[in-house]
Amino acid sequence: MAKTLTIADLKLRAQRRVPKMFFDYADSGAWTESTYRANEDDFSKIKLRQRVLVDMTDRSLATEMIGEKVSMPVALSPTGLTGMQHADGEMLAAKAAEEFGVPFTLSTMSICSIEDVASVTSRPFWFQLYVMKDRDFVNNLIDRAKAAGCSALVLTLDLQILGQRHKDLRNGLSAPPKFTPKHIWQMATRPQWCLDMLRTKRRSFGNIVGHAKNVSDLSSLSSWTAEQFDPRLSWKDVEWIKERWGGKLILKGILDEEDAIAAANTGADAIIVSNHGGRQLDGALSSIAILPKIVDAVGDKIEVHLDGGIRSGQDVLKAIALGAKGTYIGRPFLYGLGADGKNGVTTALEIIRKEMDITMALCGKRLLTDVDRSILVQ
Ligand SMILES: Cc1cc2nc3c(=O)[nH]c(=O)nc-3n(C[C@H](O)[C@H](O)[C@H](O)COP(=O)(O)O)c2cc1C
């Protein structure tokens, strides 16, 4: 097999190993996917300044995100159905992140539950919350995350209703998968995935099934979200969630300066500039394009993070140079997971670390904490 050197290599390997409906679930954006593409494309428009004859010894990518030490400023994004990219996917990814020294964020819509992930990790992870109409269920989720020792709650703001992703509708995406001839074929052509999946009992939404009222089985993500996600969610709700949680709070899904100001006024600890990886409002700006404006508007009041389109260590560095204090990767770690389980997630993180380290040196910086707009061609 050819050497795996880039995130694109991991993507190809994942495509060969993961049944089509789940690979497509990761590799899709809303409608025309223009925002999904722009997230990646806009990074390549930003150019770096090459500097020479600067001492490049003793480099360090270490920094902090919301006061937590990280070996590099790259957390794993919350992603739904991660346990369908690879059996027990959330547990494997959380372990890889812990060993690497970066935060792992567990999605509400995960396959492995909060308790599953807590059982295999020793450092606190972060928990991402979707707010459902059933407030007893939401309160219970918050309490479960607290009981599991999660050190931050990531409240997602940009999915009160689900964006339309054509591939998922065409594929008839569900978890566990349906047994129609098409789905059986997609799985039969991925035998290793099937074997791993047969060995685990975790094949449905672990945080929900058995915890939410009247939900013993949950197959369709879109019908569940249509029924359960609360379209009335407002800034007022952030107050009671913050109070109930009582710990570090990160608001995810900010793409507008006015919303960034409102978010900073809630007293949250950080915001994530994000368009949900281009999966919600197609036609919205890329995350990296709006980042400088948001940093200018609220960067001195609240920690600003970014996700969307990061496919290399260079992309991370560009986001940091433009004022982000931390970044997140979604698909890059999912491709690693699909390609090779826990090792694949580690490979994704290593690829990004190496690219970031070499780029930082060639831009004339030794410490990530010294990186600022001066490394960019203005
Ligand atoms: C397959 C997939 C599932 C996702 N599920 C969630 C989720 O459950 N909750 C959430 O807040 N964001 C979710 N996201 C969005 C990610 O947290 C993140 O914003 C996005 O993936 C970042 O873009 P990137 O994939 O280009 O790195 C998901 C993204 C993907 C690709």
Side-chain angles (χ1 to χ4, degrees), residues 7-8 10-11 14 18 21-30 33 35-43 74-86 89-90 93 103-112 114 126-132 141 152-160 162-163 165 167-168 171 173 175 205-208 221-222 224-225 228-229 233 250-255 271-281 284 286-288 291 305-312 315-316 319 324 326-338 345 348-349 352:
I7 298 299
L10 283 173
K11 180 174 178 178
V18 179
M21 67 194 123
F22 297 119
F23 176 81
D24 281 357
Y25 171 64
D27 184 26
S28 60
E33 302 192 333
T35 298
Y36 176 28
R37 285 191 298 277
N39 275 349
E40 292 180 32
D41 294 347
D42 286 354
F43 272 108
V74 183
L76 302 196
S77 291
T79 52
L81 281 91
T82 302
M84 286 290 141
Q85 302 295 331
H86 190 289
E90 291 89 356
F104 171 77
T105 319
L106 183 72
S107 163
T108 292
M109 303 308 288
S110 58
I111 301 295
C112 302
I114 300 174
W126 297 352
F127 181 68
Q128 174 266 327
L129 182 70
Y130 278 134
V131 182
M132 316 288 175
L141 260 184
L153 188 74
V154 176
L155 177 62
T156 298
L157 309 177
D158 61 2
L159 203 142
Q160 286 162 266
L162 189 70
R165 303 156 200 164
K167 286 178 196 152
D168 293 349
N171 284 329
L173 177 79
F205 294 94
N207 289 328
I208 296 164
L221 182 64
S222 50
W224 161 263
T225 47
Q228 287 296 326
F229 282 40
L233 194 69
I250 302 176
L251 300 178
K252 175 174 187 283
I254 301 288
L255 208 64
I271 56 172
I272 310 179
V273 175
S274 171
N275 49 37
H276 216 100
R279 297 162 75 80
Q280 286 293 96
L281 179 62
S286 70
S287 306
I288 194 67
L291 176 70
H305 298 171
L306 170 135
D307 76 22
I310 290 177
R311 298 293 177 268
S312 74
D315 297 340
V316 177
T327 66
Y328 300 71
I329 49 169
R331 295 171 184 95
F333 99 81
L334 292 178
Y335 296 148
L337 184 69
V345 177
L349 290 167
I352 287 177

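Predicted model only: the values in this text are computed from it and were never measured. One is the number of the first residue; the rest follow in order along the sequence. What's counted below: heavy atoms across the whole structure, side chains too, no hydrogens, waters or symmetry copies. First listed ligand is number 1; within each ligand, the first listed atom is number 1.
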May I ask you to check whether Q128 and T156 show a side-chain donor-acceptor distance below 3.5 Å? yes
For R311, counting its heavy atoms only, list the atoms of ligand 1 lying under 4.0 Å from any of them. 24 (P), 26 (O), 27 (O)
Would you say Y328 has any N or O atom under 3.5 Å from an N or O of ligand 1, going by distance alone? no
Among I310, V273, I272, which residue satisfies the side-chain contact (heavy atoms from CB on, under 4.5 Å) criterion with S287? V273
Can you label the angle between the H276 ring and the Y130 ring as parallel, tilted or perpendicular, going by 30° and 60°? parallel
shortest atom 12 (N) of ligand 1-to-protein heavy-atom contact is with K252 NZ, 2.9 Å
Evaluate L155 against V131 for side-chain contact (heavy atoms from CB on, under 4.5 Å), listing each step before the verdict. CA-CA 8 Å; L155 177 62; V131 182; 3.7 Å; yes
What atoms of ligand 1 come closer than 4.0 angstrom to any heavy atom of S107? 7 (C), 8 (O)
Side chains of L159 and R279, heavy atoms from C-beta outward: is any pair under 4.5 Å? no
Please write down residue, atom name and distance for the protein heavy atom closest to atom 18 (C) of ligand 1. D307 OD2, 3.3 Å
R279 and ligand 1 - part of the residue with a heavy-atom distance under 4.0 Å: side chain
Is there a nitrogen or oxygen of G309 sitting under 3.5 Å from a nitrogen or oxygen of ligand 1? yes
Evaluate the criterion side-chain contact (heavy atoms from CB on, under 4.5 Å) for residue pair L349 and L76; output intermediate values, then yes/no. CA-CA 9 Å; L349 290 167; L76 302 196; 4.1 Å; yes
Here the gap from T79 atom OG1 to Y25 atom OH, rounded to the nearest 0.5 Å, amounts to 7.5 Å
of all protein heavy atoms, closest to atom 24 (P) of ligand 1 is R331 NH1, 3.5 Å
Applying a 4.0 Å heavy-atom criterion (strictly less than), which segment of L334 is in contact with ligand 1: side chain, backbone, both, or neither? side chain
A26 neighbourhood, listing ligand 1 atoms whose heavy-atom distance to it stays under 4.0 Å: 1 (C), 31 (C)
Just jot down the ligand 1 atoms closer than 4.0 angstrom to any heavy atom of G330, in number order. 21 (O), 24 (P), 25 (O), 27 (O)
Identify, by atom number and element, the atoms of ligand 1 in contact range of S274, meaning under 4.0 Å from any of its heavy atoms. 19 (O)
Strictly under 4.0 Å, does any heavy atom of Y36 approach an atom of ligand 1? no
Go through ligand 1 atom by atom and flag the ones less than 4.0 Å from a non-hydrogen atom of G80. 3 (C), 4 (C), 5 (N), 6 (C), 7 (C), 8 (O)
Reported CG-to-OG1 distance for the pair D315 and T327, which is rounded to 0.5 angstrom: 9.5 Å
Taking 4.0 angstrom as the limit and counting only heavy atoms of G308, give me the atoms of ligand 1 inside it, by number and element. 22 (C), 23 (O), 26 (O)
Give a yes/no verdict on a cation-pi contact between R331 and Y36, requiring under 6.0 Å between NZ or CZ and the six-membered ring centre and an angle within 45° of the axis. yes
Protein contact to atom 16 (C) of ligand 1 [nearest heavy atom, distance to 0.1 Å]: P78 O, 3.4 Å
Closest heavy-atom contact between D307 and K252? OD2-CE, 3.6 Å
Given side-chain contact (heavy atoms from CB on, under 4.5 Å), test R165 with Q280 step by step and report yes or no. CA-CA 8 Å; R165 303 156 200 164; Q280 286 293 96; 3.2 Å; yes
Distance-only polar pair, side chains of N207 and S110, donor-acceptor under 3.5 Å: yes
So for H276 against ligand 1, with non-hydrogen atoms under 4.0 Å, the contacting part is both
Atom indices of ligand 1 within 4.0 angstrom of Y130 heavy atoms, with elements: 6 (C), 7 (C), 8 (O), 9 (N), 10 (C), 11 (O), 12 (N)
How far is atom 11 (O) of ligand 1 from its nearest protein heavy atom, and which residue and atom name does that atom have? T156 OG1, 2.7 Å
